[in-house]
Amino acid sequence: MPTEKILVVDDSFEMREFVADSILRLAGYETLKADNGASGLELARETSPDLIIADVRMPKLTGLELAQIIRREKLNIPVILVTAEGSEQLARDALRAGVADYFVKPFKADDLLAAVRQTLDTAQAENERIRVPSETAAINESLRLRLKELETLIGVGRNVTSVLDLDQVLAKVVEAAVSLTGAEEGSLLLLDQNTNELTMRAAKNFDDNFARTFRLRSDDSLAGQVIRTGEPVLLDDNAPQKIKTAYLVHSLVYVPLKIHGRIIGVLGVDNRRAGRAFTQHHQRLLYALGDYAAIAIENARAYSRTERQRVQLETILHETEDGVIVVDTDKRLILINPTARAAFGVNGAPVVGRALAEVVPHPDICDLFNEDGRRREITLADGRIFNAHLTPINGIGQAVVMQDITHLKELDRIKSEFVTTVSHDLRSPLTAILGYVELLSRAGPVNSQQADFMRRIQVSVQSITALITDLLDLGRIEAGFDVQKEVTYPALVVRYAVDGVRQQAEAKGQNLVTSVPETLPRLCATPARLRQMLGNLLENAIKYTPEGGTITVTGRAEQDFILLTISDTGLGIPPADQPYIFDKFFRAGNTRMDYVGTGLGLSIVKSIVEDHEGRIWVESKLNQGTTFTVMLPEYKEETA
Ligand code: ADP
């Protein structure tokens with residue numbers, strides 16, 4: 001069914017209704033009606049019908065005049081005239097007015113319909129013939145241009161990501177700018193922050209020498225204006241302008257280059273000859289290319305920054321006297337510096353990517369890498385001792401840094417030896433003092449004041465003796481003399497230790513509670529030392545807890561360890577002092593002088609715990625109490 005729209009213009013009501021409704025509408029056309037030429041013209045302009053059927057003789061405007069106006073205004077609507085009296089003159093005029101057909105009344109409905117159909121088909125074919133070639137060609141041309149622009153932009157983009165050489169990328173950018181805008185020449189100017197001058201970093205069609213020596217003050221040039229304002233400059237084909245002394249151009253586009261909002265330079269194209277203008281579109285293309293240039297410059301700067309830092313870091317690692325070993329998550333070497341190589345006799349062969357255990361077969365190092373966040377002393381074949389510290393590194397693996405502590409260990413050994421010798425040698429004179437004090441009273445009567453002085457001498461000598469005993473103990477444990485270890489029941493050791501201090505606790509009216517199951521796994525230990533360790537902790541708990549307090553000992557097994565806790569309801573330890581309480585001779589700030597002690601007890605405790613491959617830590621609240629926890633590995637048949 002046809003859906004074309006036909007306007008019927010006739011002053012006769014019957015004719016209008018007959019043609020529009022009885023003939024055309026019935027044949028399926030959409031119809032519009034007007035009862036005179038003027039309103040017919042108006043309706044035609046407003047609604048652009050596909051065809052007009054107009055009576056010739058009408059008031060205001062005749063059908064012929066209507067056809068003439070339609071043709072003059074290039075409305076592109078075919079007109080069929082209907083007339084009561086045909087004449088040769090009218091036929092000629094109609095032909096000149098481009099009328100498609102004309103009918104003399106009366107006519108047959110079928111004839112009119114056939115003419116309508118044919119006129120519409122011809123008009124449509126004609127429309128297509130006119131429109132298709134010219135419009136398509138224009139669209140094709142503009143698409144071709146856009147495609148070329150896109151291809152160039154993509155090419156430059158690919159260059160930015162794949163080419164590391166900045167000069168090459170920037171040259172490509174300028175070349176693309178020139179070719180996409182059809183300009184005579186192009187340049188990329190970068191701002192030197194120190195001198196505030198612009199230099200030509202890349203150029204196309206500029207004389208080489210000119211480009212190399214190009215310098216522009218940024219405060220009084222067109223390019224400088226772009227730098228200062230951050231706004232582009234577009235000069236149409238105007239009177240020539242200077243971009244540099246004696247360098248005139250007729251048209252030009254400059255766009256700013258920005259990195260993180262900071263302007264670092266200018267990308268520009270220009271024409272030195274007249275008659276070639278640039279447009280906003282060219283400016284937009286330059287902006288896109290400018291972004292690529294900025295990205296390339298930023299990439300290059302970031303790369304050289306990283307490279308500099310990498311070289312710096314490599315030099316530090318290379319030169320440092322500490323040994324450094326880094327492995328990935330599969331324990332494959334990422335780095336081993338010369339100090340570490342020398343320590344483990346690793347030759348200069350490439351080792352990156354090889355298994356650690358294969359390159360550094362030292363068992364202590366391999367053990368260390370298997371337990372995160374630990375320290376270990378490592379003794380080398382040549383007798384040197386390193387303190388190695390392992391640090392997990394997120395996303396990379398693990399690193400071990402090792403310091404040579406051989407001389408510190410030697411100093412420590414000499415000091416311990418000295419202390420042991422002195423302590424030992426002091427015992428004899430002290431025994432003599434104590435002995436003679438005792439003899440004094442037997443040698444003759446002493447008055448009460450003399451007796452008091454003698455008691456004081458005895459107390460002092462006893463506390464010196466206790467100190468010496470502690471020092472000697474410590475020396476012996478640290479020297480590792482307690483090699484005799486046996487399978488030991490923790491509950492039993494705890495019972496002995498608690499029994500040993502029961503009297504002291506009772507003397508202060510304290511409650512001594514023990515909760516250590518007999519079923520706890522066994523330990524591999526020196527029982528006497530374990531008793532000494534628990535004894536020290538218990539004595540402290542009693543000493544630093546006021547009368548009537550409670551001392552509690554608990555024991556439990558957890559994974560492959562036995563955890564013993566000794567808690568009290570006493571003075572507590574100030575948080576600031578807690579890290580130091582295991583140091584020799586350290587006593588916390590809240591310890592009054594009347595609590596007798598040497599400050600060596602916890603050092604002995606710690607040495608014993610470490611000698612048993614265990615750990616000890618403290619939790620304490622001032623005036624509420626303290627809990628020491630000792631963690632010892634349980635005895636395993638297969639490790640015995
Ligand atoms: P001391 O001979 O002084 O008791 P230690 O080495 O046994 O020496 O203990 C060091 C210090 O730790 C003590 O002087 C004391 O300040 C503090 N301390 C140890 N155990 C306790 C405890 N159970 N409650 C409060 N303070 C304690």
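Counting convention: from 1, in listed order, for ligands and their atoms alike.
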Identify every side-chain donor-acceptor pair in residues 613-620 under 3.5 Å, counting partners at least two apart or on other chains, and give the distances.
unit_1, atom_1, unit_2, atom_2, d
Ser620, OG, Ile573, N, 2.8
Ser620, OG, Gly625, O, 3.3
Ser620, OG, Thr626, OG1, 2.9

Legend entry - Set of residues that line ligand 1, where lining means a heavy atom lies under 4.0 Å from it: Asn540, Ala541, Lys543, Tyr544, Asp568, Gly572, Ile573, Ile581, Phe586, Arg587, Ala588, Thr591, Gly597, Thr598, Gly599, Leu600, Gly601, Leu602, Thr626, Phe628

Taking [X] for its side chain and [Y] for its backbone only, find out whether a donor-acceptor pair lies under 3.5 Å.
X	Y	result
Asn370	Cys366	yes
Lys331	Ala357	no
Asp364	Ile378	no

Expected list for residues 425-437: side-chain donor-acceptor pairs under 3.5 angstrom, two or more places apart:
unit_1, atom_1, unit_2, atom_2, d
Arg427, NH2, Thr469, OG1, 3.4
Thr431, OG1, Arg427, O, 2.6

Inset, instruction - Any side-chain hydrogen bond (donor to acceptor under 3.5 Å, both in side chains) involving residues 551-570? Give me the pairs, sequence neighbours left out, ordered by first then second residue. - result: Thr554-Thr565, Arg556-Glu558, Asp560-Lys636, Ser567-Thr627

